[in-house]
Protein chains: 2
Amino acid sequence: MLQQFEILKKAGLSVTESRKTILDLFFAAQGALAHADIEKHSSINIDRVTVYRTLQTFVENGIIHQIPTTDNTILYALCKDSCEAGHHHDEHVHFICVVCNKTNCLDDVMVPMVKLPNGFLPIQTAMIVKGTCIDCRSPHPQPFPQR
Amino acid sequence: MLQQFEILKKAGLSVTESRKTILDLFFAAQGALAHADIEKHSSINIDRVTVYRTLQTFVENGIIHQIPTTDNTILYALCKDSCEAGHHHDEHVHFICVVCNKTNCLDDVMVPMVKLPNGFLPIQTAMIVKGTCIDCRSPHPQPFPQR
DNA sequence: AAATGATTTGCAATATTGTTGCAATATTTT
DNA sequence: AAAATATTGCAACAATATTGCAAATCATTT
Ligand SMILES: [Mn+2]
Ligand SMILES: [Mn+2]
Ligand SMILES: [Zn+2]
Ligand SMILES: [Zn+2]
């Protein structure tokens, strides 16, 4: 209830209904969200355009980070406190379950360093692991794929 | 001239003009290609739909592989010989230059292993490094961004 | 609390990107 | 060369993304 307010304030952004609502969705979500997940969420009625602009603003201000995918989609997930505008600090591994399609931030698994050939100067590294999550291999798996 | 023919034959695919032409593009390219790069290539006149279907077929048959991105796009690059239908074998690092936007397969840089928390069973791992390439830091940089 | 100015939002219009069915064409097999 | 099979292009459609602008909301000042 108060948390979104603080995050937006800290980022120097106006505190609007849309932004609070979308932040809420991220807090409630068990994994990363795509634009479509937000737009099509049942209990929400925010214009597509506003969703686009909000996500962009949040990325630019270090509130959420992007996760690359291989399906013409971008996933977004909440940043940790350490992220700042322009300079993200979340080089953790992302895990995409190929069964339920849920994407987890493995906040405790850092992306390992890797030695690049001469001439390539790294700025940021992403690591995406595809596989199966525990829910999808347990005796009582999720009945349906998520996305 | 003969190479595309062999690749298509080996994959058990019909050898068609479109497929040979698109394969040519990949051989000529200095980096990975997006759908749009192919569709809009000057010296080519293949229907959008055919490009979609060709890329899909090539991926399914281990001729090209996908590279995840963070801009509602999928990049594609030629596979090495070791790739087979259904089972790709190219867990190498990909480098995206943030200046010229060229994407390189670093074929010799393997994606490092990483220990996951309990319950996450990995199948495939991707690693994308963003940074600047040598061309874009040399005294005579590329005049214009590519994409 | 009301007024002011700055920012954000929704709408409409448009552009771009992706999907599907089907007939015409090209390729492979006989 | 003919038959069988697979691919292509077109058309229609669906989904996704971008832009300008007026109305509404939010922050700041009085
Ligand atoms: Mn994350
Ligand atoms: Mn590659
Ligand atoms: Zn799962
Ligand atoms: Zn470059």
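Below, each value reflects all heavy atoms present in this structure, side chains not excepted, and no hydrogens, waters or symmetry copies. Lettering of chains follows the sequences in order, A, B, ..., and the numbering in each one begins at 1.
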Trainee: Using whole Å, what does the distance between atom C1' of nucleotide C:dT8 and atom NZ of A:Lys20 come to?
Mentor: 14 Å
Trainee: To the nearest 10°, let me know how far the axis at one end of the helix from C:dA1-D:dT30 to C:dT30-D:dA1 is tilted from the axis at the other, five pairs an end.
Mentor: 40°
Trainee: Is there a path of hydrophobic side-chain contacts, each under 4.5 Å between heavy atoms of I, L, V, M, F, W or Y residues, that connects B:Phe26 with B:Phe5?
Mentor: yes
Trainee: Do the ring planes of B:His35 and B:Tyr52 sit parallel (below 30°), tilted (30 to 60°) or perpendicular (above 60°)?
Mentor: parallel
Trainee: Any side-chain heavy atom of A:Ile7 within less than 4.5 Å of one from A:Phe27?
Mentor: yes
Trainee: How does each nucleotide of nucleotides 13-21 of chain C score, in 5' to 3' order, for protein heavy atoms under 4.0 Å: base (B), sugar-phosphate only (S), or none (-)?
Mentor: ----BBBBB
Trainee: Mind listing the closest non-hydrogen atom pair of A:Phe95 and A:Cys133 along with its distance?
Mentor: CE2-N, 4.0 Å
Trainee: Please list all pairs passing the salt bridge (Lys or Arg N to Asp or Glu O under 4.0 Å) test where one or both residues lie in residues 103-119 of chain B, with sequence neighbours left out.
Mentor: B:Lys80-B:Asp107
Trainee: Let me know the distance between CG of B:Leu8 and P of C:dA26, rounded to the nearest Å.
Mentor: 18 Å
Trainee: So B:Val129 and B:Ile96, do their side chains get closer than 4.5 Å, heavy atoms only?
Mentor: no
Trainee: Please encode protein proximity along nucleotides 24-30 of chain D as a string of B, S and -, counting only heavy-atom distances under 4.0 Å.
Mentor: --SS---
Trainee: For A:Asp47 and D:dA22, what is the distance between atoms CG and C1' respectively, to the nearest whole Å?
Mentor: 14 Å
Trainee: Collect all protein-nucleotide pairs involving nucleotides 2-5 of chain D in which both atoms are nitrogen or oxygen and the distance is under 3.5 Å.
Mentor:
none

Trainee: Checking A:Thr125 against B:Lys130 for the side-chain contact (heavy atoms from CB on, under 4.5 Å) test, could you report, in this order, the C-alpha distance in whole Å, the side-chain angles of both residues, the deciding distance, and whether it holds?
Mentor: CA-CA 6 Å; A:Thr125 305; B:Lys130 285 192 186 181; over 6 Å; no
Trainee: What I want to find out is whether B:Lys20 reaches B:Glu17 closely enough, with some N-O distance under 4.0 Å, to be called a salt bridge.
Mentor: yes
Trainee: Could you check B:Val49, B:Leu55, B:Thr54 and say which one makes a side-chain contact (heavy atoms from CB on, under 4.5 Å) with B:Val51?
Mentor: B:Leu55
Trainee: According to salt bridge (Lys or Arg N to Asp or Glu O under 4.0 Å), does anything in residues 41-53 of chain B pair up with another residue at least two apart or in another chain? List the pairs.
Mentor: B:Glu39-B:Arg48
Trainee: Before giving the answer on side-chain contact (heavy atoms from CB on, under 4.5 Å), spell out for B:Cys79 and B:Ile63 the whole-Å C-alpha distance, their side-chain angles and the decisive distance to 0.1 Å.
Mentor: CA-CA 5 Å; B:Cys79 285; B:Ile63 294 174; 6.0 Å; no
Trainee: Any chance you could lay out the side-chain contact (heavy atoms from CB on, under 4.5 Å) test for A:Val93 and A:Met110, step after step, and finish with the verdict?
Mentor: CA-CA 6 Å; A:Val93 173; A:Met110 288 294 114; over 6 Å; no
Trainee: For the pair A:Arg137 and A:Thr132, evaluate side-chain hydrogen bond (donor to acceptor under 3.5 Å, both in side chains) and give the outcome as yes or no after the intermediate values.
Mentor: CA-CA 7 Å; A:Arg137 292 194 318 279; A:Thr132 52; 3.0 Å; yes
